[in-house]
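A short worksheet on the structure shown next.
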Amino acid sequence: MSDLHTLSVKVLAESLRSKQVSAVEVATRFLARTGGNPHNAFLDIDSEVTLAQARASDAKLADGTAGPLEGVPVAHKDVFVTRDFVTTAGSKILQGYRSPFDATVVQRLAQAGMVTVGKLNCDEFAMGSANENSAYGAVTNPWDTARVPGGSSGGSAAAVAARLVPAATGTDTGGSIRQPASFCGITGIKPTYGRASRYGMIAYASSLDQAGPMARSAEDCALLLSAMCGPDIDRDSTSLDMPSEDFTASLNNSIEGLRIGVPKEFFGEGLHADVRAALDAALREFEKLGAKLVPISLPRTELSIPVYYIIAPAEASSNLSRFDGVKFGHRAKDYVDLVDMYKKTRAEGFGNEVKRRIMTGAYVLSHGYYDAYYLQAQKIRRMIADDFQNAFKACDLIAGPVAPSVAWKLGENAGDPVADYLADIFTLPASLAGLPGMSLPAGFGAGGMPVGMQLIGNYFKEAQLLNAAHRLQQATDFHLRQPEGI
Ligand code: GLN
């Protein structure tokens, strides 16, 4: 099968089950494609480990004990800890770190039969919007290597877009699944906060972090999400005691009469004309499928930026205190006493963006500023969540842009971190509210770059989001287009 690397998760799983191809053949093909590390997407690859997993899958396929995704390759964002691969979270402070256990999400996908190809580059501790903050170098966008792939799950998005893997995991704290999916022309979904376990996901901002799948289509995302979700209450205190679902079951439901809310704040001044044009056309496709567009308002959209950039760094400053040179990874060589060791280890191990967030976080939590910043931010966070509930009285789901523009040029925002923060405006609200959100390819904009459409659902409405996305993908072919030279 010469086109193995272009097959969807669904077709690969079927081909493996019907023995048209073996798991070892599939793994060998994808490993070959990662040779030379295109786009700097991978941080760790170990073909021995991958082939051993593939052989185990072939044995299960032969004896009838195969899981639903048996033998299908996947790669994990490097914030998921793995026993068999190094885990760095894109940081020098964890260089060479090996975890004694697998993250729950990694474990569940392995139980479903998936074979791990390796670990994917990302912004350091998932802090970023362009994958330029990795200690191991930037990732490039397969559609135009002079551009960023988005972040922080940039390696995941680039790897799927370049057909280095059929699917990948990502994490989304403020948009890190949706935005890189949008920039690289693939599909990704962040479920409701608490549906996928955070156990073994290196924490950035614990009240926001969620895992989710990134693949080419909504259907493939549904297959992975079904395996990833489900309670893990003994190991993650915020895990919901709610069974996973078969998210593929409702994919072919009609969307006749579905009310799609279009927030006016998402289509204001900051939105680039090319992105707006692509989205308008995609919304018309939804109308042709029988959906109804309903104008709505999310009045505190703009506030989501200061609110998020207070809350996320506050939590990060606390979470990252564990990297002290004692328990994990890097420790400075020359120091005079314990405090000096802490200081030097952290000064050497963390990159600039991480240091910036730790300082911001410590500041907004400090005595005298806590009430002025952190507490206020928490109050507005609640109002943002209430705004969504208000909006969902008039609509079933919400559609809008993922980002104000297509992927920008590498280095374009260098020295201006706030420019990256501002570009998060459309993904932050759903994150702050803990709502499920996804991005699906919706057309092309400036420079021929992909444009993603964001769909936001109410709590636990992942199936509805995936169904709507799937229907659109059956009527359009944006998700099937691929960068040149694949
Ligand atoms: N761009 C946002 C940030 O830098 C979101 C990152 C994420 O979702 N992990 O915090």
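Counting starts at 1 for both ligands and their atoms, in listed order. Everything quoted here is computed from the prediction, not taken from an experiment.
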Heavy atom under 4.0 Å from ligand 1: found in [X]'s side chain, backbone, both, or neither?
| X | result |
| --- | --- |
| Ser176 | both |
| Asp424 | side chain |
| Tyr421 | neither |
| Phe125 | neither |

Is the closest N or O pair between [X] and ligand 1 shorter than 3.5 Å?
| X | answer |
| --- | --- |
| Met127 | no |
| Thr171 | no |
| Tyr308 | yes |

Does a sphere of radius 6.0 Å around [atom1] in [X] hold more than 12 heavy atoms from other residues, nucleotides or ligands, not counting ones at 6.0 Å or beyond?
| X | atom1 | answer |
| --- | --- | --- |
| Arg382 | CZ | no |
| Lys355 | NZ | yes |
| Asp416 | CG | yes |
| Phe101 | CZ | yes |
| Glu302 | CD | no |
| Tyr373 | OH | no |

- Query: Are Arg357 and ligand 1 in contact, using a heavy-atom cut-off of under 4.0 Å?
  - Reply: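 Yes.
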For [X], counting its heavy atoms only, list the atoms of ligand 1 lying under 4.0 Å from any of them.
| X | result |
| --- | --- |
| Tyr309 | 1 (N), 2 (C), 3 (C), 4 (O), 10 (O) |
| Tyr204 | 3 (C), 9 (N), 10 (O) |
| Ala126 | 6 (C), 7 (C), 9 (N) |
| Gly128 | 1 (N), 2 (C), 3 (C), 4 (O), 6 (C) |

- Are the side chain of Thr187 and the backbone of Arg216 linked by a donor-acceptor contact shorter than 3.5 Å? yes
- If you measure from atom 8 (O) of ligand 1 to every heavy atom of Ala205, Pro313, Gly174, Ala312, which option wins on shortest distance?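 Minimum heavy-atom distance to atom 8 (O) of ligand 1 goes to Gly174.
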- Message: Are Arg198 and Gln210 packed together at the side-chain level, in the sense that at least one heavy-atom pair is separated by less than 4.5 angstrom?
- Response: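 Yes, at least one pair of side-chain atoms sits under 4.5 Å.
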- Could you list the residues that satisfy salt bridge (charged side-chain N to carboxylate O under 4.0 Å, His left out) with Lys10, not counting sequence neighbours? Glu14, Glu219
